[in-house]
Amino acid sequence: MIALREGPDVDLAALAELRARCEFAPLSDATLAAQLAGSRWVAHAHVDAKLVGFARAISDGVTTAYVSNVMVDPAYRRRGVGRSLLAALTAGRDGIKFVLHTRTGSRAFYEASGFADAADMMVRDRR
């Protein structure tokens with residue numbers, strides 16, 4: 001059974017392993033810890049002791065939030081894990097505009113979860 005938890009208490013080694021299974025770039029423990037510390041809301045999914053899903057949002061808590069690092073272990077996709085993670089981040093926050101960047105292959109998932117194209121966004125990449 002999949003258990004959903006909220007909050008920043010996530011094992012960094014398990015998070016690094018999930019990132020690898022989901023083809024996210026590797027990050028140091030210090031960077032992962034800083035990401036968790038800087039996130040307003042964090043949700044994670046577990047099967048027994050195994051981390052199978054993770055999502056976080058950065059926000060002012062009032063008007064705007066940026067959804068980041070949504071990932072679900074490939075072996076657990078299409079079981080509602082990603083939808084549950086997004087629901088945990090957005091529940092009770094109807095007054096907040098949530099934005100995100102997505103991989104091309106994930107667009108349909110986010111559209112089905114209520115997100116739409118936002119042509120007026122801009123980005124400054126890392127330097």
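These numbers come from the heavy atoms of this one structure, side chains and all, not from hydrogens, waters or symmetry mates.
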Nearest 0.5 angstrom please: [X] [atom1] to [Y] [atom2], how far?
X: Arg56; Y: Ser39; atom1: CZ; atom2: OG; result: 4.0 Å
X: Met71; Y: Arg21; atom1: CE; atom2: CZ; result: 10.5 Å
X: Arg19; Y: Leu51; atom1: CZ; atom2: CG; result: 11.5 Å
X: Ile2; Y: Tyr76; atom1: CD1; atom2: OH; result: 7.5 Å

Give a yes or no on whether the backbone of [Y] and the side-chain of [X] come within a donor-acceptor separation of less than 3.5 Å.
X: Asp48; Y: Lys50; value: no
X: Ser59; Y: Thr64; value: yes
X: Arg77; Y: Val72; value: yes
X: Ser106; Y: Thr102; value: no
X: Arg78; Y: Pro74; value: no

Using atom types as modelled, flag every donor-acceptor pair under 3.5 Å from a side chain in residues 7-18 to any protein atom, sequence neighbours excluded.
from: Asp11; atom 1: OD2; to: Ala13; atom 2: N; distance (Å): 3.2
from: Asp11; atom 1: OD2; to: Ala14; atom 2: N; distance (Å): 2.7

Donor-acceptor pairs are to be reported for all side-chain atoms of residues 80-92 against protein atoms at under 3.5 Å, with residues two or more places apart or in another chain.
from: Arg83; atom 1: NH1; to: Ala112; atom 2: O; distance (Å): 3.3
from: Ser84; atom 1: OG; to: Gly80; atom 2: O; distance (Å): 2.9
from: Thr90; atom 1: OG1; to: Leu86; atom 2: O; distance (Å): 3.0

Contacts of Tyr66 that satisfy ring pair (Phe, Tyr, Trp, His ring centres under 6.0 Å) - sequence neighbours left out: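 Listed in chain order: His101.
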Expected list for residues 25-35: side-chain donor-acceptor pairs under 3.5 angstrom, two or more places apart:
from: Ser28; atom 1: OG; to: Thr31; atom 2: N; distance (Å): 3.1
from: Ser28; atom 1: OG; to: Thr31; atom 2: OG1; distance (Å): 3.0

My understanding is that a hydrophobic cluster links ILVMFWY residues whose side chain heavy atoms are under 4.5 Å apart, including indirect links. Using that, what else belongs to the cluster containing Val62?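 None; Val62 is a cluster of one.
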Under a single-linkage definition using a 4.5 Å side-chain heavy-atom cutoff for Ile, Leu, Val, Met, Phe, Trp and Tyr, are Val47 and Leu4 assigned to the same hydrophobic cluster? yes
Would a hydrophobic clustering, with Ile, Leu, Val, Met, Phe, Trp and Tyr connected at side-chain separations under 4.5 Å, put Leu100 with Ile58?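 Different clusters.
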Do the rings of Trp41 and Phe98 sit parallel, tilted or perpendicular, given the 30° and 60° boundaries?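 Rings of Trp41 and Phe98: tilted, as their planes differ by 30° to 60°.
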Please list every donor-acceptor pair under 3.5 Å in which a side-chain atom of residues 116-127 meets a protein atom from a residue at least two apart or in another chain.
from: Asp117; atom 1: OD1; to: Arg107; atom 2: NH2; distance (Å): 2.2
from: Asp117; atom 1: OD2; to: Arg107; atom 2: NH2; distance (Å): 3.0

